[in-house]
Amino acid sequence: MSNKESLNFVEIEVEKDLESGRYDGRVHTRFPPEPNGYLHIGHAKSICLNFGLGEKYGGKTNLRFDDTNPVTEDTEYVDSIKKDIQWLGFEWDNEAYFASDYFDKLYEFAVRLIKKGKAYVDDSSAEEIAKMKGTPTEPGVNSPYRDRSVEENLRLFEGMKNGEYEDGSRILRAKIDMESPNMLLRDPNMYRIKRATHHRTGDKWCIYPLYDFAHGQSDAIEEITHSVCTLEFKHHRPLYEWFIEQLEIYPSRQIEFARLNLENTIMSKRKLLQLVNEKHVNGWDDPRMPTISGMRRRGYSPAAIRNFCDRIGVAKRDNVIEFALLEFSVREDLNKVAKRVMGVLNPVKLVITNYPEGKTEEVDIDNNPEDPNAGTRTMPFSRELYIEREDFMEDPPRKFFRLGPERNVRLKSGYIITCTDFDKDPETGEITEIRCIYHPDSKSGQDTSGIKAKGVLHWVSVEQAVPVEIRLYDRLFSDPNPGGHGDKDFKEFLNPDSLEILNTAFVEPSLKDAELGEHFQFMRKGYFCLDPDSSDDKLVFNRTVGLRDSWAKKNKK
RNA sequence: UGACCCAUGGUGUAAUUGGCAACACAGCUGGUUUUGGUCCAGCCAUUCUAGGUUCGAGUCCUAGUGGGUCAACCA
């Protein structure tokens, strides 16, 4: 198969099956989300794994919605999930499938099991069943309803389907072994009565299969070869296989891998939903969310996310990935594609006293030094500019390469300037204006001045500057493992400074034509993208991720 | 006080299935640079512990230790 490159353990298992001819050389995987929330980066790992397997071995991958619990599921989620998978760049086989498409078949499977004497209707309450189940260290006991006749079970199960009984009054269980050390084999529930409107089947059904009697059966119906899921389902495997054996259906094989955990975030859909509902964030696609839609809005690219998923690998041990690895993947991709532009986040005015008033010249600038084909554009340069407030120091240390009294610095793609003077608010100590002279023979590309300038600053011409709103993001949680403090609620670790809004920023005029989905690098400041909140009279930019900043790092120490 | 799974640098993943512990990220040095970005070079591990098998163990065996999962009419 594949020779030199190392395989993950799932691929190794798949290749073994390919060699043994177990599935006639077929590889057919599936990605089975429940439509009860938006997809997150953990799902991205699963998507990349499942669709990656399909692509790598010339097979196919189904998208199947595991929609067997109508009370939490909704078509809004179906739509968002489809969009996210496509955006990541994957294509599922045929139309999307739904477990709910198989409700008739599943009902028939259940009847088949009853006829074999392998399933029975239990009239016990949920509490009674739980009690009879025992504990991990104590065996369970048989239900008094366990030995009903096949005929009675058939009649009762049909009654359940026909809505003759109340919700929760009866349940269909598999008859396996109440003393099994594996709790899941202690007569697991198969079908419950639940009068709820399903997002696709409406009110047709009042009984719905549970996970263990839907998932594996759906795999079999679709003739899935490798059913890849996360570690929590390990204990379900014997049950998964028991049903296959009893029903004599397609023998799909379940393989479990360790789910992704990311520092400073949570991956639980339930908790993410809570953040949305309680308005701790502005929706599922809030750029601080670990959702695919949030990351998209934040400016992460599909390639960045896929590369990240490649890098983290697939194994069986619990893992916590450092956020820095995700950010590396984002920078790595954006560095190649992002157009370099200028934006001043915290402006201070710079006046070039020896530059003619009213004059404007267009200076040339590279769109992307990493991409020779990206071309160049021009930017207006004039007497009054905005520069970054933090690029000036009244009394700078030796290693500060930026502007200070009598210091030289180059204005990127423009001229070298020498600072001559500055104004300061006597009350606040804030610098209000900086004055300098420029050296006309130092123009970028035709510099004959011989002047040295260690620092290079970005800038925007005041007259043409476009005022914009800038949104800066930080980790949503200040704790590396917000969900891992059993006694404390994860929301206690929400980072109060995860969103910072800047309302006095300016960007170069070319950004008036910025489009949604475009990636920009604001030089020396990071990667940015236009936010959908933008309107014609107000542009909003999200900072996707900052640039690596060894100067800031050095100063922190 | 059960069953099952897992254990390799700060993090994650490898190691031709018993043959010199590799790659990436992070960190630290230095170089290049009209982005303190990118890029380039260098540094950073006696594989949880203790026994055993073997010429040879990260890999096999035994025992321990540590972590995870399992008792929803959720998936």
Side-chain angles (χ1 to χ4, degrees), chain A residues 3-8 32-34 36 66-69 71-73 122 125-126 129-131 133-140 167-173 180-184 186 189-194 207-208 210-212 214-215 229-238 256 258 260 263 269-270 310-329 331-332 335-336 340 342 365-366 369-370 399-402 409-414 416 444-445 447 453-458 521-527 546-555:
Chain A
N3 21 11
K4 211 61 194 167
E5 125 249 32
S6 73
L7 305 172
N8 65 50
E34 183 188 11
N36 67 345
D66 224 337
D67 55 349
T68 57
N69 184 11
V71 303
T72 56
E73 296 157 5
D122 196 325
S125 69
I129 288 178
K131 197 183 279 177
K133 207 146 230 171
T135 71
T137 55
E138 299 162 289
D167 284 16
S169 62
R170 286 190 162 87
I171 193 157
L172 184 72
R173 302 176 72 181
S180 171
N182 182 345
M183 300 285 294
L184 287 156
R186 324 243 261 229
N189 299 162
M190 292 167 58
Y191 258 98
R192 79 282 216 181
I193 306 173
K194 183 177 279 206
I207 57 171
Y208 294 96
L210 281 129
Y211 171 83
D212 287 304
H215 196 102
C229 62
T230 47
L231 249 30
E232 322 79 273
F233 294 98
K234 177 89 182 167
H235 301 279
H236 293 249
R237 194 161 82 211
E256 312 86 9
L260 165 67
E263 276 188 352
K269 273 198 275 184
R270 202 196 90 245
D310 272 352
R311 258 189 274 261
I312 58 177
V314 177
K316 277 193 273 206
R317 59 176 137 157
D318 293 330
N319 59 84
V320 185
I321 308 290
E322 289 177 343
F323 213 88
L325 186 62
L326 214 207
E327 295 190 327
F328 168 80
S329 298
R331 291 193 189 103
E332 176 194 44
N335 177 50
K336 291 183 290 194
R340 269 58 172 178
M342 299 217 207
I365 181 166
D366 283 335
E370 299 296 312
K399 298 295 271 282
F400 187 78
F401 304 151
R402 309 176 190 180
V409 81
R410 173 173 292 282
L411 294 170
K412 173 73 187 174
S413 298
I416 291 176
S444 196
D447 182 359
K454 180 81 177 158
V456 179
L457 305 188
H458 62 284
Q521 185 197 98
F522 287 13
M523 282 219 253
R524 306 208 303 135
K525 291 279 95 180
Y527 295 98
L547 257 26
R548 264 186 61 196
D549 190 346
S550 50
W551 169 245
K553 202 178 287 171
K554 189 178 285 185
N555 280 284

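Each chain gets a letter, A, B and so on, in the order its sequence line appears, and its residues count up from 1.
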Base-pairing mate for B:G12 - Watson-Crick or G-U, with both contacts under 3.5 Å: B:C23
Watson-Crick or G-U counterpart of B:U62, or none if no pair lies under 3.5 Å: B:A50
Selected nucleotide, minimal atom distance to A:Met183 side chain, candidates B:A24, B:C70, B:C74: B:C70
Sugar-phosphate only, base, or nothing, as touched by A:Ser550 at under 4.0 Å among non-hydrogen atoms: sugar-phosphate
Touch class at under 4.0 angstrom, heavy-atom based, for A:Lys412 against every strand present: base
Sugar-phosphate, base or nothing in reach of A:Ile171, heavy atoms under 4.0 Å: base
Ring centroids of A:Trp551 and B:G36 base under 5.5 Å with planes under 30°: yes
Touch class at under 4.0 angstrom, heavy-atom based, for A:Arg186 against every strand present: nothing
Whole-Å gap separating P (B:C23) and CG (A:Leu325): 17 Å
Base paired to B:A45 (Watson-Crick or G-U; both N/O distances under 3.5 angstrom): none
B:U17 glycosidic torsion: syn (within 90° of 0) vs anti: syn
Nucleotide B:G12, atom P - distance to CG of A:Asn8 in whole Å: 17 Å
Atom-to-atom span, CG of A:Asn189 to C1' of B:A72 - whole angstrom: 9 Å
Given RNA chain B, 5'-ward residue of the pair A:Val456 and A:Thr72, judged by closest heavy atom: A:Val456
Sugar-phosphate, base or nothing in reach of A:Phe328, heavy atoms under 4.0 Å: sugar-phosphate
Flag side-chain contact, heavy atom, 4.5 Å: A:Val71 against A:Asn69: yes
Sugar-phosphate only, base, or nothing, as touched by A:Ala126 at under 4.0 Å among non-hydrogen atoms: base
Ring-ring centroid check A:Tyr211 A:His236, cutoff 6.0 Å: yes
Between B:G12 (C1') and A:Phe323 (CZ): distance, integer Å: 16 Å
Paired nucleotide for B:U69 [Watson-Crick or G-U wobble; both distances under 3.5 Å]: B:A3
Between C1' of B:C25 and CG of A:Asn319, the distance in whole Å: 14 Å
Contact check, side chains of A:Val456 and A:Val409, non-hydrogen atoms, under 4.5 Å: no
Single hit among A:Lys412, A:Arg340, A:Lys525, A:Arg524 for side-chain hydrogen bond (donor to acceptor under 3.5 Å, both in side chains) with A:His458: A:Arg524
Touch class at under 4.0 angstrom, heavy-atom based, for A:His458 against every strand present: nothing
Who pairs with B:A57 - Watson-Crick or G-U, where each distance is under 3.5 Å: none
Distance below 4.0 Å between A:Lys194 side-chain N/O and B:C74 OP1 or OP2: yes
d(NZ, A:Lys133; C1', B:C70) in whole Å: 12 Å
Check: A:Arg173 and A:Ile129 side chains under 4.5 Å, non-hydrogen atoms: yes
d(CG, A:Asn335; C1', B:U33) in whole Å: 14 Å
Sugar-phosphate, base or nothing in reach of A:Arg340, heavy atoms under 4.0 Å: base
